[in-house]
Colleague: 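For reference, the structure I am asking about is given below.
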2 protein chains.
Amino acid sequence: MRIGELAARAGTTTRTLRYYESRGLLPARRGGNGYRTYDEDDLKLLRQIRTLQDFGFDLEETRPFVECLRAGHPEGDSCPASLVVYRRKLAELDTLIEQLTSVRAQVAAQLTRAEAAVPGGPEPKCELGGHG
Amino acid sequence: MRIGELAARAGTTTRTLRYYESRGLLPARRGGNGYRTYDEDDLKLLRQIRTLQDFGFDLEETRPFVECLRAGHPEGDSCPASLVVYRRKLAELDTLIEQLTSVRAQVAAQLTRAEAAVPGGPEPKCELGGHG
DNA sequence: GTAAGCCTTGACGCGGACGTCAAGGCAAGA
DNA sequence: TCTTGCCTTGACGTCCGCGTCAAGGCTTAC
C-alpha cells in the first residue's frame, strides 16, 4: 500500500509518516516509481506509535516498542527496553500529577481567599437572605 | 533601579524583562541615557507575573492580575477579571489531571500485563520460593 | 491530450517563553 | 586612556511534531 492509504488507515497524515521516516522510526521501501510502499506490518508499527503518542510519549520513547515489534515479538512491549520506558513514564506521570495537584490546591486557595474580598465574588451559596 | 538589578531581585533575566515589555506587560520608563528604569512597584508586578508563571499560567493570563495591581488594588487578584482567570485555570487543571490520571492507569495496566510475559519482568515480590 | 488525483522533495511556519549572539553605546574605576 | 561591566536594539536559535505551501513527476480516466 502507498503512503496515503496507510495514513488513512491509521487515522493520521502523510506528512506525519514522512516525519517518522525522517526520524528513522518508520522507514519505507520504494517502488519503481519512487513511491513509498508499506505492508500490514508497517500498519501495526504505526498503530503502536500512535497509541503511545496519544498517551503522551515522546516520539523517541516509542522507538523501543517499534524495534521490539520489528524484532518479531508479538507486542511492542514484549521487550525489557519497552518496560523500562513504561516505568519511567509512570514515574514522570506521578511527578507531574503530583505537581499539578499541588498547583491546583494553591490556586484554589488563592481563589477562595480573593473571593472573600472582591465585590460580586463571594456569592453566598446557601445561606439565608437572598432570592437572586 | 535598572534592568539588571530588577531581574536579579526577581530571580529572572534581563531578556525576560525585555520580553515582557515587548508584550506590553511590563513597560519601562527611560532614563536620559536610554536605560530602562524601574521602581518597587514594578518589582511587585514582576513578582506577580512570576508567581503565576510558576503555576503554569500563560503570559497572557497574567495580564488581568498586572492591570489590577496597576489600577491601585492591593493584590493582583483583587479584581473580578483575575478571578475569572483563576476559575478557568482550575477547570483546566482538573481536566488535565483527570486525563493524566487516566493515562497513568492505562500505562500501569499495560505494564502489569506486559511484565507477566517478559523474562526478568515479573519478579514476584513476596511469594514463596526465592531468596534472589 | 489533458485534467484529476495521487506521489516526490524541499523548505518555511507555528506556538511560547525565552536563550544567545552580534555590534555598539555609556559610565566608572585604575 | 583603557578596561570592565553595565546597557541598547536586532535578529536568529531552541524544542517538537507536525501543517502548509511550492514546484514538479507519475498514473489513470475520459
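Quick note: numbers below take in every heavy atom, side chains included, and nothing from hydrogens, waters or symmetry partners. As the structure is a prediction and not an experimental result, all values here were calculated from the model. Throughout, a chain's letter reflects where its sequence line sits, starting with A, and its residues are numbered from 1.
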Colleague: Only counting residues at least two apart or in another chain, list the ones meeting salt bridge (charged side-chain N to carboxylate O under 4.0 Å, His left out) with A:R63.
Modeller: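 For A:R63 the salt bridge (charged side-chain N to carboxylate O under 4.0 Å, His left out) partners, ignoring immediate neighbours, are A:E60.
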Colleague: Checking B:E21 now: which residues fulfil salt bridge (charged side-chain N to carboxylate O under 4.0 Å, His left out) with it, not counting sequence neighbours?
Modeller: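 Salt bridge (charged side-chain N to carboxylate O under 4.0 Å, His left out) check on B:E21 returns B:R30, B:R36.
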Colleague: A side-chain contact here means heavy atoms from C-beta on lying under 4.5 Å apart; do A:L26 and A:V66 qualify?
Modeller: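 Answer no - side chains too far apart.
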Colleague: Is the phosphate of C:dG19 approached by B:Y19 (side-chain N or O, under 4.0 Å from OP1 or OP2)?
Modeller: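 The answer is no; no side-chain N or O of B:Y19 sits under 4.0 Å from OP1 or OP2.
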Colleague: Got a sec, which residues hit side-chain contact (heavy atoms from CB on, under 4.5 Å) with B:D39, two or more places apart in sequence or on another chain?
Modeller: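 In terms of side-chain contact (heavy atoms from CB on, under 4.5 Å), with neighbours along the sequence ignored, B:D39 is linked to B:R29, B:D41, B:D42.
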Colleague: Given the rule in the side-chain contact (heavy atoms from CB on, under 4.5 Å) test, do A:L25 and A:L45 qualify, once you have shown the distances and angles that lead to the verdict?
Modeller: CA-CA 9 Å; A:L25 204 59; A:L45 296 184; over 6 Å; no
Colleague: Please tabulate, one pair per line, each protein N/O and nucleotide N/O from nucleotides 20-24 of chain C that are separated by under 3.5 Å, including the distance.
Modeller:
from: C:dT20; atom 1: O4; to: B:R15; atom 2: NE; distance (Å): 3.0

Colleague: Assess whether side-chain contact (heavy atoms from CB on, under 4.5 Å) is satisfied between B:E115 and B:Q110, documenting all intermediate values.
Modeller: CA-CA 8 Å; B:E115 274 178 337; B:Q110 289 296 308; over 6 Å; no
Colleague: Quick one: side-chain hydrogen bond (donor to acceptor under 3.5 Å, both in side chains) pairs with a partner in residues 98-109 of chain B, sequence neighbours left out?
Modeller: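 Of all non-adjacent pairs touching residues 98-109 of chain B, those that pass side-chain hydrogen bond (donor to acceptor under 3.5 Å, both in side chains) are A:D94-B:R104, B:S102-B:Q106.
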Colleague: Rounded to the nearest angstrom, tell me the gap between atom CZ in A:R63 and atom C1' in D:dC16.
Modeller: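 Distance check: A:R63 CZ to D:dC16 C1' gives 14 Å.
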Colleague: Once disulfide bond (SG atoms under 2.5 Å apart) is applied, what residue pairs with a partner in residues 7-71 of chain A remain, sequence neighbours excluded?
Modeller: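 Sorted pair list: A:C68-A:C79.
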Colleague: For residues 43-57 of chain B, which residue pairs qualify under side-chain hydrogen bond (donor to acceptor under 3.5 Å, both in side chains), counting only residues two or more places apart or in two chains?
Modeller: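 Non-adjacent pairs meeting side-chain hydrogen bond (donor to acceptor under 3.5 Å, both in side chains): B:Y20-B:R50.
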Colleague: Under 4.0 Å between a side-chain N/O of B:T13 and OP1 or OP2 of C:dG19, yes or no?
Modeller: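 Result: yes.
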Colleague: Could you give the CG-to-P distance, from B:L17 to D:dT9, as a whole number of Å?
Modeller: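 The distance from CG of B:L17 to P of D:dT9 comes to 13 Å, rounded to the nearest Å.
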Colleague: Restricting to salt bridge (charged side-chain N to carboxylate O under 4.0 Å, His left out), what partner residues turn up for B:E92, sequence neighbours left out?
Modeller: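 Expected list: B:R88, B:K89.
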Colleague: Listing time: all N or O pairs from protein to nucleotides 5-7 of chain D that are below 3.5 Å?
Modeller:
from: D:dC7; atom 1: OP1; to: B:G4; atom 2: N; distance (Å): 2.6

Colleague: Considering only heavy atoms, which members of residues 37-57 of chain B lie under 4.0 Å from some atom of DNA chain D?
Modeller: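 None, since no heavy atom is under 4.0 Å.
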Colleague: Can you tell me the distance, in whole Å, between the CG atom of A:L25 and the C1' atom of D:dC16?
Modeller: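 Distance, rounded to whole Å: 14 Å.
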Colleague: Between the two end axes of the helix from C:dG1-D:dC30 to C:dA30-D:dT1, each built from 5 base pairs, what angle do you get to the nearest 10°?
Modeller: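 Axis angle across the helix from C:dG1-D:dC30 to C:dA30-D:dT1, nearest 10°: 40°.
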Colleague: Sequence neighbours left out, what passes salt bridge (charged side-chain N to carboxylate O under 4.0 Å, His left out) with B:D58? Give chain and number order.
Modeller: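 B:D58 satisfies salt bridge (charged side-chain N to carboxylate O under 4.0 Å, His left out) with no residue once adjacent residues are dropped.
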